[in-house]
Amino acid sequence: MVQATPTFTTADLDAMAQQVSNWGRWGADDERGALNLITDAKRAAAAALVTEGVAVSCALPLAVTPAPDNPTPVAHLMVKTGDATEHAAIPGLLSTGDYFAMAPHGIANTHLDALCHIVVAGKIYNGFDVAEVRSNGAHRNSIMAAKDGIVSRGVLLDIPGLRGVDWLEPSERIARGELEAAEDRQGVRVEAGDVLLIATGRDARRDAHGHWGMLDGMAGLGADCIPWLRERDVAVLGCDGVSDAVLNDTEGWPMPVHQIVIPYLGVHLIDNLQLGRLSAACRERNRWAFLFTLAPLRLERGTASPVNPIAMF
């Protein structure tokens, strides 16, 4: 049964942001946020979960074709091809090559949001002024906070499985109680330093009904889940949507998960994961925790990076 999510006023969400804030928790100059929760011991314990050597990618292919959910496709150009290889830069060495450019944010490509991505009341994570994000890039809270990669225990919560459906419909909200019910059903508990992945069945719905735009709605977490994420000390949050149930109708808070979890909790978000294959792998094994690895591009002053997250069993 779908659990109802409570209604929050603007004042409620203003207060929630302050109550769950991690500003100053790891020092006044910290730019890593909840990545600090992933200790060497946490990584070592996560690595010990690998018993089969099976790897599952959780990334969508880079979207090069325009679609309702992809208004700015990846630009993919060939600069050297098999039918025009006579102009070799090195005499005698023939090769092919390409060039691509992309805008990572949005709902088309799997990407990691940096902690500079969301601004609330003129501030980004840890109270830095938004003026730190300038025309030449982010001088605070850039994607380089994760320059050494993210390696931890990953946990998948299968909300369609909990509800007994193939997918959640656009704009459906996941209640805090459903996160705990999914834990109980799956025999797993989200712990400090985990990478938490939330499955809504977006892959299956897109396969059945085609692409749709963000303003047509996205299933995701209700705002009542935000204090739970802080209580469990989740290090990174990912979803096959954008974590938020889009759009929220509270004035000033259209995407409260993005607006609180990134700038106040300091939790990096992974948007647009492909979780269908991972869900199948977890169901097959009845195993919902795994080694999770993710390596963003080392883009100095970047606000995001395309990523190819890997779950290993």
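As the structure is a computational prediction, the values presented were derived from the model and not from experiment. All values below come from the heavy atoms of this structure, side chains included, with hydrogens, waters and symmetry mates left out.
Here the straight-line distance linking atom OG of Ser152 with atom CG of Leu294 works out to 11.5 Å at 0.5 Å rounding. Once rounded to the nearest 0.5 Å, the distance linking CG of Asp12 with CD of Gln19 reads 9.0 Å. For the atom pair CD1 (Ile174) and SG (Cys225), the distance works out to 7.0 Å, reported to the nearest 0.5 Å. From Ile270, atom CD1 reaches atom CG of Leu237 across 8.0 Å, with rounding to the nearest 0.5 Å. Put simply, CD on Gln3 and CD on Glu178 are 5.0 Å apart, with the number rounded to the nearest 0.5 Å. To the nearest 0.5 Å, atom NE2 of residue His211 and atom CG of residue Asn70 are 8.5 Å apart.
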Derivation of the side-chain hydrogen bond (donor to acceptor under 3.5 Å, both in side chains) call for Lys80 and Ser95 | CA-CA 7 Å; Lys80 290 189 290 184; Ser95 64; 2.7 Å; yes

In sequence, state the C-alpha distance, the side-chain angles, and the governing distance for Arg185 and Glu183, and then conclude on salt bridge (Lys or Arg N to Asp or Glu O under 4.0 Å).
-> CA-CA 6 Å; Arg185 173 179 175 269; Glu183 287 182 312; over 6 Å; no

Could you walk me through whether Cys116 and Glu132 pass side-chain contact (heavy atoms from CB on, under 4.5 Å), step by step?
-> CA-CA 9 Å; Cys116 62; Glu132 295 285 0; over 6 Å; no

May I have the step-by-step check of side-chain contact (heavy atoms from CB on, under 4.5 Å) for Cys239 and Thr200, ending in yes or no?
-> CA-CA 8 Å; Cys239 183; Thr200 71; 3.9 Å; yes

Please lay out, stage by stage, how Asp207 and Arg202 fare under the test salt bridge (Lys or Arg N to Asp or Glu O under 4.0 Å).
-> CA-CA 9 Å; Asp207 289 344; Arg202 182 184 174 193; over 6 Å; no

Just do the side-chain hydrogen bond (donor to acceptor under 3.5 Å, both in side chains) check on Asp113 and His258 with the steps written out, would you?
-> CA-CA 10 Å; Asp113 285 337; His258 268 69; 3.3 Å; yes

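Neither Leu49 nor Val155 shares a network with the other; the hydrophobic side chains, linked directly or stepwise wherever heavy atoms of I, L, V, M, F, W or Y lie under 4.5 Å apart, form separate groups for each. Linking Ile, Leu, Val, Met, Phe, Trp and Tyr whenever their side-chain heavy atoms come within less than 4.5 Å puts Val257 and Val234 in one cluster. Val307 and Ile198 fall within a single hydrophobic cluster, where Ile, Leu, Val, Met, Phe, Trp and Tyr are joined by side-chain heavy atoms under 4.5 Å apart, directly or via other members. No path of Ile, Leu, Val, Met, Phe, Trp and Tyr side chains, each step under 4.5 Å between heavy atoms, connects Tyr264 with Met255, placing them in separate hydrophobic clusters. Linking ILVMFWY side-chain heavy atoms closer than 4.5 Å, directly or via other members, places Ile262 and Ile124 in two distinct hydrophobic clusters.
Across Pro309 and Ala59, no two heavy atoms sit closer than the pair CD-CB, 3.9 Å. Of all non-hydrogen atoms in Pro256 and Ile226, the two that sit nearest each other are O-CD1, 3.6 Å. Annotation for Leu299 and Ala304: closest pair CD2-O, 4.2 Å, computed over non-hydrogen atoms. Smallest separation of non-hydrogen atoms from Asp69 and Ala108: O-CB, 3.4 Å. In plain terms, the two heavy atoms of Ala114 and Ser142 that are nearest each other are CB-C, 3.7 Å. What you find for Asn109 and Pro61 is that their closest heavy atoms are OD1-O, 4.1 Å.
For the pair Arg32 and Asp148, the salt-bridge criterion is not met [side-chain N within less than 4.0 Å of a carboxylate O]. The existence of a salt bridge linking Arg298 and Glu300 is excluded, since no basic side-chain nitrogen approaches an acidic carboxylate oxygen closer than 4.0 Å. Asp194 has a carboxylate O that lies under 4.0 Å from a charged side-chain N of Lys42, or vice versa, which qualifies the two as a salt bridge. Arg176 and Glu231 are joined by a salt bridge, as a carboxylate oxygen and a charged side-chain nitrogen come within less than 4.0 angstrom of each other. Comment: Arg163 does not engage Asp158 in a salt bridge, judged by the lack of any side-chain N to carboxylate O separation of less than 4.0 angstrom.
No side-chain heavy atom of Glu284 sits less than 4.5 Å from a side-chain heavy atom of Phe313. When side chains are defined from C-beta on, Glu31 does not count as touching Leu115, because their heavy atoms never get closer than 4.5 Å. A 4.5 Å side-chain heavy-atom check between Phe292 and Met312 finds every atom pair outside the cut-off. Contact check for Leu265 versus Ser21: no side-chain heavy atoms found under the 4.5 Å cut-off. Within the 4.5 Å cutoff, side-chain heavy atoms of Thr51 are placed close to those of Arg287. No side-chain heavy atom of Val267 sits less than 4.5 Å from a side-chain heavy atom of Leu229. Within the 4.5 Å cutoff, no side-chain heavy atoms of Val151 are placed close to those of Ile38. Side chains of Val188 and Leu157 form a contact here, defined as non-hydrogen atoms less than 4.5 Å apart.
Applying the side-chain hydrogen bond (donor to acceptor under 3.5 Å, both in side chains) rule to Thr39 yields no partners; only residues at least two apart in sequence or on another chain are considered.
With 3.5 Å as the limit, one finds a donor-acceptor pair spanning the side chains of Tyr125 and Asp30. At a cut-off of 3.5 Å, with distance as the only test, a side-chain donor of Asp14 or Trp253 sits close to an acceptor on the other residue. No side-chain N or O of Thr5 forms a donor-acceptor pair with one of Asp224 less than 3.5 Å apart. Side-chain polar atoms of Asn272 and Thr110 form no donor-acceptor pair below 3.5 angstrom. A side-chain donor from one of Asp98 and His76 sits under 3.5 Å from a side-chain acceptor of the other. Under the 3.5 Å distance criterion, with hydrogens and angles disregarded, no donor-acceptor pair is assigned to the side chains of Asn126 and Arg140. No hydrogens or angles considered: a donor-acceptor pair under 3.5 Å links the side chains of Glu180 and Trp228. Side-chain polar atoms of His105 and Asp271 form no donor-acceptor pair below 3.5 angstrom.
Looking at Thr72, its side chain never comes within 3.5 Å of a backbone N or O of Ala103 through a donor-acceptor pair. Under a 3.5 Å cut-off, the side chain of Thr250 and the backbone N or O of Phe8 do form a donor-acceptor pair. Judged by distance alone, the side chain of His111 and the main-chain N or O of Pro104 form a donor-acceptor pair under 3.5 Å. Judged by distance alone, the side chain of Arg205 and the main-chain N or O of Gly201 form no donor-acceptor pair under 3.5 Å. The backbone N or O of Glu169 sits less than 3.5 Å from a side-chain atom of Glu172, completing a donor-acceptor pair. Remark: side-chain polar atoms of Trp212 are not paired, donor with acceptor, to backbone N or O of Pro170 under 3.5 angstrom. A donor-acceptor pair under 3.5 Å is absent between the side-chain atoms of Gln186 and the main chain of Arg283, judged by distance alone.
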Atom pairs and distances, side-chain donor-acceptor, residues 215-222, under 3.5 Å, sequence neighbours left out:
unit_1	atom_1	unit_2	atom_2	d
Asp216	OD2	Gly213	N	3.2

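Gln274 pairs with exactly one of Asp240, Asn308, Asp203 by the side-chain contact (heavy atoms from CB on, under 4.5 Å) rule, that one being Asp203.
By the 6.0 Å and 45° rule, Arg153 does not stack over the aromatic ring of Phe290. With a 6.0 Å cutoff to the six-membered ring centre and a 45° limit on the axis angle, Arg189 does not count as a cation-pi contact of Trp288.
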